[in-house]
Asker: 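I'd like to ask you about the structure that follows.
Below, chain A is the first sequence line, B the second, and so on; all start at residue 1. Everything quoted here is computed from the prediction, not taken from an experiment.
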Protein chains: 2
Amino acid sequence: MHPLRRHIEEVISLEDAEFDHVLNHFTPIKKRKHQYLIQEGELINKEYWVVKGCLRAYVLDESGREHIIQFALEDWWVTDYQAFEKEVTSQIYIDCLEDCELLYITKSDREKLSQEFHKMERFWAKKTKFGYIASQNRVLSLLKNTAKERYELMSAQYPNIIQRVSKKMIASYLGVSRETLSRLY
Amino acid sequence: MHPLRRHIEEVISLEDAEFDHVLNHFTPIKKRKHQYLIQEGELINKEYWVVKGCLRAYVLDESGREHIIQFALEDWWVTDYQAFEKEVTSQIYIDCLEDCELLYITKSDREKLSQEFHKMERFWAKKTKFGYIASQNRVLSLLKNTAKERYELMSAQYPNIIQRVSKKMIASYLGVSRETLSRLY
DNA sequence: AATTTCAAGTGATGTAGGTCACAAATTGGA
DNA sequence: TCCAATTTGTGACCTACATCACTTGAAATT
């Protein structure tokens, strides 16, 4: 079964013809390690689904520090949602930490598919709800846990990310300096 | 015009009959200052919309500290989304900071309305997307800004919250101690 | 009107985590 | 295969913010 179908069918069920119709709206692309999907200042009309590889979404602050918003591994969706939804220019970067295979859908195709296909609207709505809940939990973790606790929670929740990305990246996701993270254990 | 109709029509348009049908799924309740809407350990099958008043959603950590997840003023939606969506018991408290008037809809009515009424699904999907974006921005602010900067950003973005709630509450939303917040200016 | 409770400011002191600097180990190009 | 870049660890020192303790004043509560 197509990996995207498996992924969607974790939430809603699809007929063969329905999935083919959905898949027709996606375009595959490949990117190599270090290449960018999105850079600051661009208008974003694509949402990406990771077939294979690993990416990060991050912002650069005035002092040049990187702050990681999100990692994306196989089966994850990624884009600059602020730019995508509000049709403003991106404030973030998304680049590949490994060679990547992706499928993307444009904003207009996503909307078209949601309109004509109630089930897909429900699928995306559910994904967004869960993303929102995860983000609220991350806020709470930043408010109530120490750096060490946050690292341990992340190790428990996303062991595969810990294995695949450098500690420097983990540090910049957790909101702690590289040096401090290195001294935690 | 009914305040809920005005609120919904900021996103989608509704006929008179359609709005009446939507409103029929909501139940009004009043709560006094200090009363709870939600307490830890409960199953949550209601989402609330604030007609009048001011509430906070917060967690209590092991050392008894309160961490505010969200404030809710007029026109805001509030519930424990984790408990509501995943049908698990609540880990949070929601209480009234002022006397409140609310409208609530149950989970099953919300789903029914979304099913039979594509427009309402779109309305809620949009609300969730925007909540998700706001939450990601809050994560970023916690990662990259100092306590003082976070306070200033909040003052600019939510001046009405700053005016209505105590500094102690603001501190526990910003992730800073009461004392430090008091020394910032 | 009296009493209790809560909000808010401020001094003194403690600490988690940041910053800078350097070295060793690992990875990746050309 | 060699050179350059990147990652990771670690020591020395610094700082933003926390904690504790106390005071004052304003709101609630009776």
Side-chain angles (χ1 to χ4, degrees), chain A residues 31-36 53-56 58 60-68 71 93 95-100 139-155 161-185, chain B residues 31-36 53-56 58 60-68 71 93 95-100 139-155 161-185:
Chain A
K31 289 272 180 183
R32 301 196 153 257
K33 188 166 172 175
H34 297 131
Q35 287 187 312
Y36 284 92
C54 175
L55 306 94
R56 84 223 241 241
Y58 67 95
L60 268 179
D61 70 19
E62 318 76 53
S63 14
R65 262 186 299 259
E66 296 171 357
H67 304 278
I68 295 183
F71 291 107
Y93 297 87
D95 68 356
C96 300
L97 302 178
E98 304 173 359
D99 292 353
C100 286
V139 167
L140 280 178
S141 185
L142 286 165
L143 293 180
K144 70 183 215 206
N145 298 117
T146 62
K148 181 163 197 179
E149 289 167 339
R150 274 178 273 144
Y151 178 73
E152 281 157 5
L153 289 168
M154 187 182 179
S155 303
I161 297 181
I162 303 281
Q163 283 160 19
R164 275 165 80 170
V165 316
S166 69
K167 313 254 168 180
K168 189 186 156 192
M169 303 278 172
I170 306 287
S172 111
Y173 178 84
L174 292 175
V176 79
S177 74
R178 234 203 70 225
E179 294 93 328
T180 296
L181 182 64
S182 159
R183 278 185 260 254
L184 287 182
Y185 46 125
Chain B
K31 290 271 179 184
R32 301 197 152 256
K33 187 167 173 174
H34 297 131
Q35 286 187 313
Y36 285 92
C54 175
L55 306 94
R56 84 224 241 240
Y58 67 97
L60 267 179
D61 70 20
E62 317 76 53
S63 15
R65 262 186 298 261
E66 296 171 357
H67 305 278
I68 295 181
F71 291 106
Y93 298 86
D95 68 356
C96 300
L97 302 177
E98 304 174 359
D99 292 352
C100 286
V139 166
L140 279 177
S141 185
L142 286 164
L143 293 180
K144 70 184 215 207
N145 298 117
T146 62
K148 182 163 197 178
E149 289 167 340
R150 275 179 271 144
Y151 179 72
E152 281 158 4
L153 289 167
M154 186 181 179
S155 303
I161 296 181
I162 303 280
Q163 283 159 21
R164 275 166 81 170
V165 316
S166 69
K167 313 252 167 178
K168 188 185 156 191
M169 302 277 171
I170 305 287
S172 111
Y173 177 86
L174 291 175
V176 80
S177 73
R178 235 203 68 225
E179 294 92 329
T180 296
L181 182 63
S182 158
R183 276 184 264 253
L184 287 182
Y185 47 125

Asker: What's the verdict on side-chain contact (heavy atoms from CB on, under 4.5 Å) for A:Val165 and A:Arg56, showing C-alpha distance, side-chain angles and the deciding distance?
Answerer: CA-CA 10 Å; A:Val165 316; A:Arg56 84 223 241 241; over 6 Å; no
Asker: Any residue in residues 143-154 of chain B with a heavy atom nearer than 4.0 angstrom to DNA chain D? Just list them by number, or reply none.
Answerer: B:Thr146, B:Ala147
Asker: Could you work out, with side chain to side chain donor-acceptor pair (under 3.5 Å) as the rule, every residue matching B:Asp99, not counting sequence neighbours?
Answerer: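 If we apply the side chain to side chain donor-acceptor pair (under 3.5 Å) test to B:Asp99, skipping adjacent residues, there are no hits.
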Asker: Please list every donor-acceptor pair under 3.5 Å in which a side-chain atom of residues 170-178 of chain A meets a protein atom from a residue at least two apart or in another chain.
Answerer:
{"unit_1": "A:Ser172", "atom_1": "OG", "unit_2": "A:Glu66", "atom_2": "O", "d": "3.4"}
{"unit_1": "A:Ser177", "atom_1": "OG", "unit_2": "A:Thr180", "atom_2": "N", "d": "3.2"}
{"unit_1": "A:Ser177", "atom_1": "OG", "unit_2": "A:Thr180", "atom_2": "OG1", "d": "3.1"}

Asker: Mind checking side chain to side chain contact (heavy atoms under 4.5 Å, CB included) for A:Ser155 and listing every partner two or more places apart, or none if nothing turns up?
Answerer: A:Tyr151, A:Ile162
Asker: Check side chain to side chain contact (heavy atoms under 4.5 Å, CB included) between A:Glu152 and all other residues, then give those that pass, not counting sequence neighbours.
Answerer: A:Lys148
Asker: When rounded to the nearest 0.5 angstrom, what is the spacing between SG in A:Cys96 and CD in A:Gln35?
Answerer: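 Reported to 0.5 Å precision, the distance equals 6.5 Å.
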Asker: Once each nucleotide of nucleotides 3-15 of chain D is scored for protein heavy atoms under 4.0 Å, what B/S/- sequence comes out, 5' to 3'?
Answerer: ----SBBBBB---
Asker: Applying side chain to side chain donor-acceptor pair (under 3.5 Å), name anything that partners A:Asp61, two or more places apart in sequence or on another chain.
Answerer: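 Applying side chain to side chain donor-acceptor pair (under 3.5 Å) to A:Asp61 gives A:Ser63, A:His67.
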Asker: Angle between the end axes of the helix from C:dA1-D:dT30 to C:dA30-D:dT1, five pairs per end, to the nearest 10 degrees?
Answerer: 60°
Asker: Using the test side chain to side chain donor-acceptor pair (under 3.5 Å), find all partners of A:Tyr93 that sit at least two apart in sequence or belong to another chain.
Answerer: A:Glu40
Asker: Can you list every salt bridge (charged side-chain N to carboxylate O under 4.0 Å, His left out) pair that touches residues 162-175 of chain A, not counting sequence neighbours?
Answerer: A:Glu74-A:Arg164, A:Glu98-A:Arg164
Asker: First and last nucleotide of DNA chain C in contact with chain A, 5' to 3', at under 4.0 Å to a heavy atom: what are they?
Answerer: C:dG17 to C:dG28
Asker: According to side chain to side chain contact (heavy atoms under 4.5 Å, CB included), who are the partners of A:Glu149, at least two apart in sequence or on a separate chain?
Answerer: A:Asn145, A:Thr146
Asker: What's the NZ-P distance between B:Lys33 and D:dA27, to the nearest Å?
Answerer: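 Checked: the NZ to P distance equals 11 Å.
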Asker: Nearest 0.5 Å please: distance from the CG atom of A:Leu140 over to the CG atom of A:Leu153.
Answerer: 11.5 Å
Asker: So how far is it from B:Tyr36 OH to B:Asp95 CG, rounded to the nearest 0.5 Å?
Answerer: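 So the gap between those two atoms works out to 5.0 Å.
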